[in-house]
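Since the structure comes first, as structure tokens, the remarks are kept for the end.
Every heavy atom of this structure was used, including side-chain atoms; hydrogens, water molecules and symmetry mates were not. Protein chains get the first letters and strands the later ones, always in sequence-line order, with residue 1 at the start of each.
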Amino acid sequence: MALLQPLKQLKLNASHRSDVYSQPVGSSERVTAAYLTETPAGKDRLMEIICERQNLGRALSRVRTNHGAAGIDGMTVDQLTSYLRQHWPKVRADLLAGTYQPLPVRRKEIPKPSGGVRLLGIPTALDRLVQQAVGQILQQIRDPSFSASSYGFRPGRNQHQTIQRAQQYVVDGCRQVVDMDLSKFFDRVNHDRLMSRLATKVHDKRVLKLVRRFLTAGVMVGGLQEPSHEGTHQGGPLSPLLSNIVLDELDKELEKRALRFVRYADGFIIFVRSKRAAERVMVSVSRFVNQRLRLKVNQEKSGITHPWWMCFLGFSFYQPSRRYPYPHPLQIDQPVQTAGAGTDQSQLWTEHGADHRPSQPVFSWLVELLRHNPELAQFSFASLLDPAAPSGDPVETLEEPENPGPGIGETEDPSYQGAVYGLFP
DNA sequence: CCCAGGGATGT
RNA sequence: GGUACAUCCCUGGG
């Protein structure tokens, strides 16, 4: 009995619409980034900057307040502070000499919400501190040059901005979505690709060597150390940034091809206007990812869909019709287990064919709609969702109803980010 | 704006 | 005990 997810929808006001393409980039730079890249001293003395007291203090407080578990050496984050009081000079000396050797990570498997398992590699508390200190500086060097279409793990950017830009593509007329999924991305990151990408902006050999040592530190499995020749362990503070550095190469390639896309970590979607273009892009981008980036495209989870049938970052778009010009006043926050009301789910699925089944959020929206309005079962679902469908109602100019009531996805909790509506022109 | 403590979403 | 990043919300404090 799979519980259905609440439908999240996105509202796009006219005021938002104008500046969607120019989202503010986070200006939260605690240390002057310009100094790091523009002064000659910053280029080869990066490790000194990493080891500065202020940077390390911030890294330590972050590791401490995360209250994370211990690594392979058993040291807890509470013990870390007192350990550093005694051993920091030695650690610092190793870092500056370029001889610091991280310990292997601890393997932990946790279940993913979607059903699979996530392989974690948990570094020791000390290594997490060092990674954090390195990451804080590296982020300031690399983040400004990242693509505007890259939204994951970046300061000043969130899922909302990602979806807003995606919706702008749809509004602009891109009704074909190439949904690309990279299988086991973190576990398959190519070390050499990553290092060469990092070396374009970082010239301190000690820093480069340290990052490579983090990558090849290995993983302890049942008391035995296994080497790691690929992948970046999920669990290190540096991993999210490293993933962006690797996939920055992808962003730049997509930009070079003038494609409209958004990327959030390892998930990205490309918007095009025609089915033919979608198929062409699907093939060529897959080839680029497989051959150039040495990554693997998950063929099963990748494909071409319609904007209102896809699900990205937990959001879906929907197409209002004349019959339902605004989110239907149904409470959908409670999970439902069956379609009920005599609706045949298989009929719903086959309505659009096996290749174009509605995404889970849209599907659950339909289920709820039918549960409360069984008389609607006789109408074509395509007419509710797809303006291009032969029986589709003409889409009218949409106004917010005076009293929408508790709309789909709307909750009492104002902090619930997904509780916004999506309106198409 | 910054710092503690708690919650949620996503990867 | 299950790591990490980002974002948002709440409370308290400077």
* Regarding A:T162 and A:Q159, is there a side-chain donor-to-acceptor distance under 3.5 Å anywhere? -> no
* When you get a sec, tell me which of B:dG5, C:rG2, C:rU7 is the closest nucleotide to the side chain of A:I122? => C:rG2
* Between C:rC5 (C1') and A:Q234 (CD): distance, integer Å -> 11 Å
* Minimum-distance nucleotide (side-chain atoms of A:S61 versus B:dA4, C:rU7, C:rG2) -> B:dA4
* Taking CZ from A:R118 and P from B:dG10, how many angstroms apart are they, rounded to a whole number? -> 12 Å
* To do: Would you classify A:T65 as touching base, sugar-phosphate or nothing, given that sugar-phosphate means primed atoms plus P, OP1 and OP2, and contacts are heavy atoms under 4.0 Å?
  => sugar-phosphate
* Reckon A:G236 touches a base, only the sugar-phosphate, or nothing at all at heavy-atom distances under 4.0 Å? -> sugar-phosphate
* **Lys/Arg cation over aromatic A:F271: A:R260, 6.0 Å, 45° cone** => no
* Counting just side-chain N and O atoms, does A:R106 come under 4.0 Å of either OP1 or OP2 of C:rU3? -> no
* Asked: Can you tell me if the side-chain N/O atoms of A:K108 get under 4.0 Å from OP1 or OP2 in C:rU3?
  -> no
* A:E279 bridged to A:K275 by N-O distance under 4.0 Å -> no
* To do: Ignoring the backbone of A:F153, work out which of C:rC5, C:rU3, C:rU7 is nearest its side chain.
  => C:rC5
* **Nearest-angstrom distance from the residue atom OH of A:Y264 to C1' of B:dT9** => 8 Å
* To do: Check every strand shown and say whether A:T162 touches a base, only sugar-phosphate, or nothing at a heavy-atom separation below 4.0 Å.
  => nothing
* Look at the side-chain N and O atoms of A:N244 and state whether any lies under 4.0 Å from the OP1 or OP2 oxygen of C:rC5. => no
* Asked: Can a donor-acceptor pair be found between the side chains of A:R106 and A:T124 at a distance below 3.5 Å?
  -> no
* Figure out the NE2/C1' separation between A:H67 and B:dG7, and round it to whole Å. => 16 Å
* **Donor-acceptor pair under 3.5 Å, A:Q159 side chain vs C:rU7 base** => no
* Check the pair A:R193 / A:R292 against side-chain contact (heavy atoms from CB on, under 4.5 Å), numbers first and verdict last. => CA-CA 9 Å; A:R193 276 278 148 202; A:R292 182 81 163 273; 4.1 Å; yes
* To do: Check whether the side chains of A:R263 and A:N244 place a donor and an acceptor atom closer than 3.5 Å, and report yes or no.
  => yes
* Could you state the atom-to-atom distance from CZ of A:R58 to C1' of C:rC5 in whole Å? => 14 Å
* To do: Remember a base hit wins even if backbone is also touched, and classify A:Q139 as base, sugar-phosphate or nothing at under 4.0 Å, heavy atoms.
  => sugar-phosphate
* Asked: To the nearest angstrom, how far is A:I163 atom CD1 from B:dT9 atom P?
  -> 16 Å
* Give the nucleotide from the list C:rU7, B:dA4, C:rC5 with an atom nearest to the side chain of A:P155. => C:rU7
* Distance below 4.0 Å between A:N66 side-chain N/O and C:rA4 OP1 or OP2 -> yes
* Shortest side-chain distance from A:P240, nucleotide among C:rA6, B:dG5, C:rA4 -> C:rA4
* Asked: Out of B:dG10, C:rC5, C:rG2, which has the shortest distance to the side chain of A:A69?
  -> C:rG2
* Separation of atom CD in A:Q132 from atom C1' in C:rU3, rounded to whole Å -> 12 Å
* Structure fact -> To the nearest angstrom, the CG-C1' distance between A:L120 and C:rG1 comes to 13 Å
* NA contact type, A:R62, heavy-atom cut-off 4.0 Å: base, sugar-phosphate, or nothing? -> sugar-phosphate
* To do: For A:I110, answer base if it contacts any base atom (sugar-phosphate contacts may also be present), sugar-phosphate if it contacts only those atoms, and nothing otherwise; contact means non-hydrogen atoms under 4.0 Å.
  => base
